[in-house]
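The block underneath contains the structure these notes are about, expressed in structure tokens.
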2 protein chains.
Amino acid sequence: MRNSPFMPEFKHAYSPFKNHQHSQCIHHALCSAEKLCKENGFRLTNVRKRVLELIWESHQALGAYAILEQLGQEGVKPAPPTVYRALDFLLDAGLVHRINSLNAYIGCNHPKDHHHGSYFLICQHCRIVAEIHDQAIDEEISALAKREAFIVCERALEISGICQRCQENGHAG
Amino acid sequence: MRNSPFMPEFKHAYSPFKNHQHSQCIHHALCSAEKLCKENGFRLTNVRKRVLELIWESHQALGAYAILEQLGQEGVKPAPPTVYRALDFLLDAGLVHRINSLNAYIGCNHPKDHHHGSYFLICQHCRIVAEIHDQAIDEEISALAKREAFIVCERALEISGICQRCQENGHAG
DNA sequence: ATTGTAATGTTATAATATAACACTTTATAA
DNA sequence: TTATAAAGTGTTATATTATAACATTACAAT
Ligand SMILES: [Zn+2]
Ligand SMILES: [Zn+2]
Ligand SMILES: [Zn+2]
Ligand SMILES: [Zn+2]
């Protein structure tokens with residue numbers, strides 16, 4: 001599916017640092033979110049869906065209070081708990097990730113198979129966050145945990161630096 | 001030095017999950033901090049040293065306001081900026097690390113060679129944090145970054161789970 | 001002693017997140 | 001269909017983490 005010839009637009013959907021059809025990308029994200037919720041009996045209510053849309057509007061991590069501002073500009077501005085509850089739902093459903101080093105949230109590009117960790121490349125200049133899946137790192141982490149007799153529940157790898165596009169635009173390190 | 005027969009107590013100083021002579025461990029940490037500061041012309045003032053000592057009193061990550069409380073119990077309680085400035089100094093000097101997923105701080109067990117990343121095993125039960133150095137993970141991260149043409153500035157890998165001792169005490173996941 | 005710099009004290013406030021309780025909507029099932 | 005329970009949302013207040021701004025003090029180097 002991911003590499004299906006019927007969906008060539010999504011070829012780079014998982015590499016936001018490269019050019020991609022973002023309207024397609026966000027549409028795809030929202031559709032698969034709806035699908036996932038329907039399949040699992042999760043209720044993707046209006047607030048939750050709107051928060052997810054706002055998060056997907058760019059590939060930059062979005063803070064809870066930025067989301068609040070956005071919601072405020074399209075009607076009545078809700079109180080913080082509204083946004084945090086929506087975020088909690090989306091996190092639980094695996095539809096968004098929290099970037100701890102930024103106190104901010106990013107859409108998940110694989111809202112299904114959370115078998116192992118996902119890792120993040122964070123551009124310090126343009127603030128775009130790319131979610132990466134890397135089996136080699138998965139395995140090294142597992143090996144490390146095994147050596148230490150440590151049972152792994154969560155992995156959070158946040159790699160900060162400069163993305164290719166920003167390097168090309170002269171923002172190298 | 002690290003494996004010197006004259007200091008067998010430090011054999012496990014870098015694995016707080018295993019039993020170790022913690023009085024030796026903390027003493028060693030403070031001594032090498034003093035040494036590092038002297039060598040580099042950093043000023044390890046009273047506040048800074050006391051904050052570092054408090055952080056090293058356990059291998060659990062300590063929050064800034066917990067540090068404030070402790071300082072308050074041994075004299076006049078300072079205001080937050082005092083602690084945050086001490087923490088900034090210690091972070092810059094490489095003497096402590098910030099654990100993003102906990103908003104808390106932990107002593108660095110190798111305050112010198114920050115050539116590559118350090119990674120953290122965080123026990124969700126006892127809250128002890130172990131700093132790990134793993135060349136294989138370093139290399140996989142470098143390989144990943146190279147594939148994505150990403151210039152790495154900082155790496156933060158925080159692995160949460162259950163440590164061996166807590167497993168043995170029946171707190172397994 | 002003088003002077004510039006680094007460190008600390010102090011007050012106020014920003015930014016992020018949650019507790020507690022009332023109310024409304026939705027689902028379920030007599 | 002209406003009663004009922006559960007889930008979701010609104011609202012107010014507050015907790016937690018962190019920083020801005022400016023005054024004062026300690027220190028180092030002339
Ligand atoms: Zn996109
Ligand atoms: Zn960039
Ligand atoms: Zn110790
Ligand atoms: Zn433990």
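Here is how names work: the chains are called A, B, and so on, in the same order as the sequence lines, proteins then strands, and each is numbered from 1.
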In B/S/- notation (B base, S sugar-phosphate only, - none; protein heavy atoms under 4.0 Å), nucleotides 24-30 of chain D written 5' to 3' is ---S---
Distance check needed: dT17(D) C1' versus Glu69(B) CD, whole Å only.
14 Å
Under 3.5 Å, side-chain donor or acceptor atoms of residues 71-96 of chain B against the rest of the protein: list the pairs with distances, not counting sequence neighbours.
{"residue": "Glu74(B)", "atom": "OE1", "partner": "Arg50(B)", "partner atom": "NH2", "Å": "3.1"}
{"residue": "Glu74(B)", "atom": "OE2", "partner": "Arg50(B)", "partner atom": "NE", "Å": "2.6"}
{"residue": "Lys77(B)", "atom": "NZ", "partner": "Glu69(B)", "partner atom": "OE2", "Å": "2.8"}

To the nearest angstrom, how far is Leu91(B) atom CG from dT19(D) atom P?
10 Å
Between Gln60(A) and Cys126(A), is there a donor-acceptor pair closer than 3.5 Å when you use the side chain of the first and the backbone of the second?
yes
Scan nucleotides 9-11 of chain C against the protein and return all N/O pairs shorter than 3.5 Å with their distances rounded to 0.1 Å.
{"residue": "dG9(C)", "atom": "OP2", "partner": "Thr82(B)", "partner atom": "OG1", "Å": "3.3"}
{"residue": "dG9(C)", "atom": "N7", "partner": "Arg85(B)", "partner atom": "NH2", "Å": "2.5"}
{"residue": "dG9(C)", "atom": "O6", "partner": "Arg85(B)", "partner atom": "NH1", "Å": "3.1"}

Ring-on-base stacking dT19(D) with Tyr84(B) (under 5.5 Å, under 30°):
no
Classify the side-chain pair Asp138(B)/Tyr119(B) by whether it contains a donor and acceptor separated by less than 3.5 Å.
yes
Rounded to whole Å, how long is the line connecting atom NZ of Lys77(B) with atom P of dT8(C)?
19 Å
Ring centroid separation for His20(B) and His59(B), is it under 6.0 angstrom?
yes
What's the CD1-P distance between Ile67(A) and dA15(C), to the nearest Å?
16 Å
Can we say Lys35(B) and Glu39(B) salt-bridge, meaning some charged N sits less than 4.0 Å from an Asp/Glu carboxylate O?
yes
Under 6.0 Å between ring centres, would you say that holds for His97(B) and His110(B)?
yes
Rounded distance in Å - OH (Tyr65(B)) to P (dT16(C))
14 Å
Separation of dT11(D) P from Leu71(A) CG (nearest whole Å):
14 Å
Would you say that Ser101(B) contacts Phe120(B) through its side chain, given a criterion of any heavy-atom pair below 4.5 Å between the two side chains?
no
Distance, rounded to the nearest Å, where Asp88(A) contributes CG and dA19(C) contributes C1'
13 Å
CD on Glu53(A) to CG on Asn46(A), rounded to 0.5 Å
9.5 Å
Asn103(B) CG to dT18(C) C1', straight-line distance once rounded to whole Å
14 Å
So Phe42(A), base contact, sugar-phosphate only, or nothing? Heavy-atom distance under 4.0 Å.
nothing
Is the closest side-chain donor-acceptor distance between His125(A) and Asn169(A) under 3.5 Å?
no
